[in-house]
Amino acid sequence: METTEQTRATFRDMQQSTADDWKIIGAEFKPYAAALPDRVLAHLRLLDGDCGGFPVDRLTHSLQTATRAHRDGRDEEYVICALLHDIGDTLGSFNHPDIAAAILKPFVSPENHAIVEKHGIFQGYYFFHHLGMDRNLRDQFAGQALYDATLEFCEKYDAPAFDPEYDTLPLAFFEPMLRRVMARPKNTIYKTVSP
C-alpha cells in the first residue's frame, strides 16, 4: 500500500484505531525508520564546534573515542557505541548517557548498551572529586558484568579522547558502520515493522 502525504489514519483516539489505520502507519514507518541513521548523523553534527570548555569540541571527542576503539580492533557495534556515547549532550545535560543508551538499545548487545548507559558514572572517577562529588560512584557496580567492560571503555577510549593533536578519523569514515549497525534492530517490540 503506497501512501501519499494526504493518506493518514482516521482515528482521533488510538483506542478506536483499525487495522487499515495501522497499514497506513506501518507503510510510513518503514521509510522513516530506514532514515534513522541520517537523523542520528545530523544530530551528531550538532556537537561540532561545541567545546563546553573542553580541550576539543564534543564532535571531535566522539570521533576520537570511536577512532581509538576502531584502531584497537573493536567490532563495528562497539565502535558505533563509542561514536554515539555522548550524542545526548545537546538535549540531556543532566543525563546524556541515558539518551545515547536509548538511541542505541535496539541495535546493540546488552553489554554494549550497559557500557554506554553507565559510562558517565565511570568517567566521573577522573573528575567528580574536583567537583566535590564521590569519584567512586562506579564502585556500586563492582562485581557486575558491566563493571570491567565500562571501566575499560573509559580508560582506553573515552578518557584519553580530548587530545587536539590526535589523528582523529572523520565522521564520513564511521557513516557506513553506523548504517550497518542501525540496519537491523535486535531488541525492539516492533519486530514486525522493522526496516
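Rounding to the nearest 0.5 Å gives a distance of 9.5 Å between CZ of Phe11 and CD1 of Ile24. Rounded to the nearest 0.5 angstrom, Met182 CE and Phe107 CZ are separated by 5.0 Å. Here the straight-line distance linking atom NE2 of His96 with atom CD1 of Ile87 works out to 11.5 Å at 0.5 Å rounding. The distance from the CG atom of Leu63 to the CZ atom of Phe174 is 6.0 Å, given to the nearest 0.5 Å. With rounding to the nearest 0.5 Å, the separation of CZ in Arg58 from OG1 in Thr90 is 9.0 Å. Once rounded to the nearest 0.5 Å, the distance linking CD1 of Ile115 with CG of Asp148 reads 10.5 Å.
Judged by distance alone, the side chains of His85 and Ser62 never bring a donor and an acceptor atom under 3.5 Å apart. Asp86 and His119 share a donor-acceptor pair across their side chains, judged by distance under 3.5 Å alone.
Between Asp72 and Lys156 there is a salt bridge, with a side-chain nitrogen of the basic residue lying less than 4.0 Å from a carboxylate oxygen of the acidic one. Ion pairing of Lys186 with Glu77 is present here, as a side-chain N (NZ or NE/NH1/NH2) and a carboxylate O approach within less than 4.0 Å. We find that Arg179 and Asp38 are joined by a salt bridge, their nearest charged nitrogen and carboxylate oxygen being less than 4.0 Å apart.
For His61 and Phe54, the ring centers are positioned 6.0 Å apart or more. For Phe141 and Tyr147, the gap between ring centers reaches or exceeds 6.0 Å. A ring-centre distance under 6.0 Å is not found for His70 and Tyr78. Between Phe122 and Phe128, the gap from one ring centroid to the other reaches at least 6.0 Å.
Geometric assessment of Arg71 against the ring of Tyr157 yields a negative cation-pi assignment under the 6.0 Å and 45° thresholds. At least one cation-pi condition fails for Arg74 and Phe153: the charged atom is not both under 6.0 angstrom from the six-membered ring centre and inside a 45 degree cone around its axis.
Formation of a donor-acceptor pair under 3.5 Å by the Asp57 side chain with backbone atoms of Thr60 is found in this model. Of the possible donor and acceptor atoms, one in the side chain of Asp21 sits under 3.5 Å from a partner among the backbone N and O of Thr10. Remark: side-chain polar atoms of Asn187 are not paired, donor with acceptor, to backbone N or O of Pro106 under 3.5 angstrom. Glu155 contributes no side-chain N or O that, together with a main-chain N or O of Glu152, makes up a donor-acceptor pair within less than 3.5 Å. Under a 3.5 Å cut-off, the side chain of Gln64 and the backbone N or O of Asp163 do form a donor-acceptor pair.
Leu46 is not connected to Leu83 by any chain of hydrophobic side-chain contacts under 4.5 Å among Ile, Leu, Val, Met, Phe, Trp and Tyr, and they are in different clusters. Both Ile99 and Val181 belong to a common hydrophobic cluster when Ile, Leu, Val, Met, Phe, Trp and Tyr are linked at side-chain heavy-atom distances under 4.5 angstrom. Leu36 is connected to Val116 through a chain of hydrophobic side-chain contacts under 4.5 Å among Ile, Leu, Val, Met, Phe, Trp and Tyr, so both are in one cluster. Cluster annotation: Leu59 and Val56 are assigned to distinct hydrophobic clusters (Ile/Leu/Val/Met/Phe/Trp/Tyr, side-chain heavy-atom contacts under 4.5 Å, transitive). In the hydrophobic clustering of ILVMFWY residues, with side-chain heavy atoms under 4.5 Å counting as a link, Val108 and Leu41 come out together.
In this structure, the side chains of Ile80 and Arg180 stay at 4.5 Å or more apart for every pair of heavy atoms. The shortest side-chain heavy-atom distance between Arg68 and Pro160 falls under the 4.5 Å cut-off. Between Trp22 and Ser17 there is a side-chain heavy-atom pair separated by less than 4.5 Å. Residues Cys81 and Leu104 meet the side-chain proximity criterion, which asks for heavy atoms closer than 4.5 Å.
Nearest heavy atoms, Leu84 versus Leu44: CD2-CD2, 4.0 Å. Considering all non-hydrogen atoms of both residues, His130 and Tyr126 come closest at CD2-O, 4.0 Å.
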